Amino acid sequence: MPELVRIQRENFSIEAEMENVKKASKGIGAVVTFLGTGRDNSKGFEISGLDFEHYPGMAENKLKDIRERALKNFNIIEMGIVHRIGNIDVGEDIVLIVAASAHRNDAFMACEWAITELKRTTPIWKRETTKTGDVWVSETP
Amino acid sequence: MPELVRIQRENFSIEAEMENVKKASKGIGAVVTFLGTGRDNSKGFEISGLDFEHYPGMAENKLKDIRERALKNFNIIEMGIVHRIGNIDVGEDIVLIVAASAHRNDAFMACEWAITELKRTTPIWKRETTKTGDVWVSETP
Amino acid sequence: MISVKFFAMLKNLTKAEAKQYNIEGTITLEELKGMLKKDFPALEGVFASRSVFISVNQEFADKNTVIKDGDEIGLLPPFSGG
Amino acid sequence: MISVKFFAMLKNLTKAEAKQYNIEGTITLEELKGMLKKDFPALEGVFASRSVFISVNQEFADKNTVIKDGDEIGLLPPFSGG
């Protein structure tokens, strides 16, 4: 059984990750997922590929911390988070967050909070390949 | 290519439905999905199975209408909706809504709106099998 | 002829899937409800509690909706999909 | 010895992955920044614009954080995961 929270180079199976979360309880009635994918454009520039770097150890711990705080602060039953690093093509999957609860409102709130918190607190950086070269993206002020 | 919006007896593949929505555009950067599953309890009663009935024709049209209004009222790129009918076991998938957009906020808003609208406007009824018999559920006042 | 379809728990109440009526000209929703209550007394409480939607040709009806020959009417209890 | 790791665009700026320093006792974040600016003048603008987080032993540092021998420091530009 794969870990619920992890960082990996290879692609993930959305269905497998959801199953991994769903098996936490038969009381789950709602599963909300956020999937981030590689867009072909950013701020008006054409993108031909992405590359993600992370701070090994710290990034994994920040993701685990997000899951633990989500379980504590929202009425959810389980949460899974997977983020890829390395080279990612346009259209490929980058990040998946799965939040499961008895009723839908809790899962929506926790999932939206978790992706916002991931972007704010997790040391992961994106480099975009454009026609004029590679650009590191700074999204958090 | 399966229809983006439909009602069917058989189970669906979450991954296939998401792929079907994702191929609308390479500008998609966020995919938010809501998955409704059969819980083993409801209002304190133990549930051993579910059975969904729909108004053929009208139910399909109401779902198509939700997709069209979502595309018009939210900044999303595509939406898919699949609802199952017939017998559904505890833990099985019932309904899937997939909303795709460039940025995550639009997909979250559209997905949450669509499931609320589905429950409000689509003639589908759930019957729960409990130890003391089968009960039709009235959730909309 | 018009056809009235019953769904979900209303099928249990009426012990029927549908009921046909021959009408002359047009009738109002209230007139239809009167006809139905006569044939299915169990529907009286349902109409009184307003816990039912009525569709005409698969669109939600309102106070001003008029029913004419050939229409398909649906008696829809509160939805519980999703 | 302490080790300072550079990430993402900061690696491009410093043209290094990491830098080791020998320290005696403890030093403050401001003292560390001074040492780094001397070795990597390109970091001056980064510190001035505050567009960098500093981690000590993989936890975010704050004004009161003190660095001691053996610590692992991270120079983290704004995140762009997700």
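Note that the structure is predicted; figures quoted are calculated from it, not measured. First the proteins, then the strands, lettered A, B, ... as listed; each starts at 1.
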Query - Nearest atoms (heavy-atom pairs only) where C/S80 meets B/V137 - result: OG-O, 2.8 Å
**Report entry** C/N57 portion near chain B, given a 4.5 angstrom heavy-atom threshold
**Finding:** neither
Query - Summary of salt bridge (charged side-chain N to carboxylate O under 4.0 Å, His left out) pairs that have at least one residue in residues 129-138 of chain B, sequence neighbours excluded - result: B/E46-B/K131, B/R127-B/D134
Query raised in the report: Could you name the residues of residues 82-96 of chain B that have a heavy atom within less than 4.5 Å of a heavy atom in chain C?
Result: B/H83, B/I94, B/V95
**Report entry** Donor-acceptor pair, side chain of B/W125 and main chain of C/F7, under 3.5 angstrom
**Finding:** no
Query - Toward chain C: residues of residues 6-19 of chain B with heavy atoms under 4.5 Å - result: none
Requested in this report: Please indicate whether C/K37 has more than 12 foreign heavy atoms, meaning atoms of other residues, nucleotides or ligands, lying under 6.0 Å from its NZ.
Outcome: yes
Query raised in the report: Within a reach of under 6.0 Å around CD of C/E31, are more than 12 heavy atoms found that belong to other residues, nucleotides or ligands?
Result: yes
**Report entry** C/E17 atom CD: more than 12 heavy-atom contacts under 6.0 Å
**Finding:** no
Query raised in the report: If we only count heavy atoms from C-beta on, is the C/F60 to B/K62 side-chain gap below 4.5 Å?
Result: yes
Query raised in the report: To the nearest 0.5 Å, how far apart are OG1 in B/T121 and CZ in C/F79?
Result: 7.5 Å
Query raised in the report: Does any heavy atom of chain B fall under 4.5 Å from the side chain of C/S55, the backbone, both, or neither of them?
Result: side chain
Query - Interface residues of residues 51-59 of chain B facing chain C - non-hydrogen atoms under 4.5 Å apart - result: B/F52, B/E53, B/H54, B/Y55, B/P56, B/G57, B/M58
